[in-house]
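To start, the structure under review is shown below, and the notes come after it.
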Amino acid sequence: MFRFGRFAQSLRRYRVLAIESSCDDSAVCLINRVENEPPILEDHLKLTMESAKDGGIIPIDALAHHLEKIAVVAQDVLNRNHRPKIDLVCATQGPGMFSSLAAGLQVGKGLAVAWNVPFLGVHHMLGHLLTPRFFPNGPKYPFLSLLISGGHTMLVFSKSITDHKVLANTIDNAAGNALDKCARHLGLEGNMLGKVLDEFTKSGDTAPLPAGLEFPLPLEKSHNGNIKTVAFSFAHFSSLIPREAKKHKFDPVAEQPEAFRRSLGIKIQAAVFDHIVRKVDLALKHLIASKELEPDQEIDFVCSGGVAANSVLRQKIQTLNSPLRLKMHFTPLQWCTDNALMIGWAGIEMYESGFRPDLEVIPVAKWPLDEFGS
Ligand code: KG4
Ligand code: ZN
């Protein structure tokens with residue numbers, strides 16, 4: 001996909017304008033990069049499409065949102081920073097919604113052409129993975145990353161910017177997608193339903209749940225068996241609440257008392273995150289068994305992506321009884337969900353690793369991380 005070149009990164013000090021538009025956020029940022037110094041985020045602006053009433057993100061509406069907003073967001077960021085000189089433009093190339101990606105890429109390319117500066121298309125999940133390296137004392141290669149968002153759930157072992165091995169992936173939908181569906185079944189409303197569910201479960205009374213109401217974890221047979229591949233699965237969680245409501249006669253769920261719905265939400269969150277933690281634990285054991293890592297070895301561990309903002313998940317991951325000594329790097333809350341900082345920073349890492357700028361890049365809707373850079 002990318003070609004390395006001897007592209008001369010002669011700039012010791014440069015400013016990046018980055019655009020993120022893979023889903024429903026039109027985001028733009030400015031990062032000032034001075035070699036051997038911590039990068040400075042000069043500005044960041046994000047406009048998220050209003051989709052609470054639609055029950056999900058409709059691609060054509062997301063496209064209209066980006067067509068309307070990205071140029072305006074870029075203009076606002078540039079104007080309020082006194083139109084600084086830009087030396088590199090980056091935009092998300094994929095994975096994501098093709099049309100949303102195209103809208104951001106084209107604005108980015110247009111600006112790069114007008115300013116006669118290099119342009120780089122950036123892998124969205126690489127952005128989530130590298131975000132903690134923007135901040136002081138970030139992870140160093142090789143490191144592990146648990147990336148959990150609305151579209152992806154995976155555990156990745158990264159040895160360099162172009163060497164990523166996906167140790168575990170979801171076989172159906174993503175954790176964020178399942179949590180969003182559960183939140184909707186519980187009668188919650190909002191744009192970012194996983195976050196709404198997180199807040200709902202933290203505040204207020206709870207009530208007893210029916211006896212015998214159990215949320216079994218998926219893929220447990222393979223967990224105990226001897227199979228080499230480790231996988232996540234969330235489809236089972238997406239439909240769990242209506243299924244159990246019929247069985248235990250609390251249908252319609254959305255009309256149940258708030259305290260009861262809160263208890264259900266707590267239980268489902270715990271089940272989703274227990275499933276993730278069990279699979280991470282298994283994947284780490286495989287890594288040791290295959291001699292990639294030594295038992296008790298210290299290794300950096302990133303937790304990033306929208307769902308990584310969840311307090312229950314953070315607590316469960318932190319207390320994971322791992323065969324390795326995990327040095328945790330949680331992406332700061334504000335930068336867990338989609339943003340332009342992650343794209344600008346990943347673009348900087350690509351640029352400084354010798355990725356060749358390219359105006360011909362086109363959106364890539366599905367783009368496995370282990371194919372990045374090959
Ligand atoms: O990374 P992201 O912004 O977009 C994708 O790349 O998919 O992740 C969005 C997902 C949504 O499913 C949203 O509900 C979920 O992250 N999310 C959360 C929390 N904040 C956002 N899920 C659980 N707890 C949160 N605090
Ligand atoms: Zn994302």
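Just follow the structure's listing: the first ligand is 1, and inside any ligand the first atom is 1.
Of all atoms in ligand 1, listed by their number and element, those nearer than 4.0 Å to a heavy atom of Gly150 are 5 (C), 7 (O), 8 (O), 9 (C), 10 (C), 12 (O). Contact atoms of ligand 1 toward Gly194: 14 (O), 18 (C), 19 (C), 22 (N), 23 (C), 24 (N), 25 (C) (distance under 4.0 Å to a heavy atom of the residue). Interface of His128 with ligand 1, defined as ligand atoms under 4.0 Å from a residue heavy atom, comprises 1 (O), 6 (O). Of all atoms in ligand 1, listed by their number and element, those nearer than 4.0 Å to a heavy atom of Gly176 are 12 (O). Every atom of ligand 1 is numbered from 1 in the order shown, and the set under 4.0 Å from a heavy atom of Thr337 is 3 (O), 21 (C). In the vicinity of Asp180, heavy-atom distances shorter than 4.0 Å reach the ligand 1 atoms 11 (C), 12 (O), 13 (C), 14 (O). Within ligand 1, the atoms closer than 4.0 Å to a non-hydrogen atom of Asp198 are 24 (N), 25 (C), 26 (N), numbered from 1 in the order shown. Heavy-atom proximity to Gly151, at under 4.0 Å, picks out these atoms of ligand 1: 7 (O).
For the pair Arg262 and Asp205, the tightest heavy-atom approach, listed with the atom from each and the gap, is NH1-O, 2.6 Å. Here the closest non-hydrogen pair linking Phe232 and Leu155 is CE1-N, 4.1 Å. Among all heavy-atom pairs drawn from Leu129 and Leu369, the shortest one is CD1-CD2, 3.8 Å. Here the closest non-hydrogen pair linking Ala175 and Thr153 is N-OG1, 2.9 Å.
In terms of the side-chain hydrogen bond (donor to acceptor under 3.5 Å, both in side chains) criterion, His44 has no residue partners (sequence neighbours excluded). Listed by chain and residue number, nothing satisfies the side-chain hydrogen bond (donor to acceptor under 3.5 Å, both in side chains) test with Lys140 (two or more places apart in sequence, or in another chain).
Side chains of Asp24 and Ser51: no donor on one and acceptor on the other come within 3.5 Å. Remark: the Gln269 side chain and the Asn310 side chain contain an N/O donor-acceptor pair separated by less than 3.5 Å. Residues Glu20 and His124 bring a donor and an acceptor atom of their side chains to less than 3.5 Å of each other.
With a heavy-atom cut-off of 4.0 Å, His124 touches ligand 1 through its side chain alone.
Residue, atom and distance of the protein heavy atom nearest to atom 24 (N) of ligand 1 are Asn310 ND2, 3.0 Å. Among all non-hydrogen protein atoms, the one lying nearest atom 20 (N) of ligand 1 is Gly306 O, 3.4 Å. At the top of the distance list for atom 13 (C) of ligand 1, counting protein heavy atoms only, stands Met192 SD, 3.2 Å. What sits closest to atom 3 (O) of ligand 1 on the protein, heavy atoms only, is Asp338 N, 2.9 Å. Protein heavy atom in closest approach to atom 15 (C) of ligand 1: Val307 CG2, 3.9 Å.
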Please step through salt bridge (charged side-chain N to carboxylate O under 4.0 Å, His left out) for the pair Arg325 and Asp296, ending with a clear verdict. CA-CA 6 Å; Arg325 273 183 295 131; Asp296 208 33; 3.7 Å; yes
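A perpendicular orientation is assigned to the rings of Phe134 and Trp345, their planes being inclined by more than 60° (bins at 30° and 60°).
Distances under 2.8 Å from the Zn ion (ligand 2) pick out the protein N/O/S atoms His124 NE2, His128 NE2, Asp338 OD1.
Residue Asp43 is tested with Arg15, Arg83, Arg80 for a salt bridge (Lys or Arg N to Asp or Glu O under 4.0 Å); the sole match is Arg80.
Each salt bridge (charged side-chain N to carboxylate O under 4.0 Å, His left out) pair with one or both residues in residues 108-133, not counting sequence neighbours, appears once here: Arg133-Glu349.
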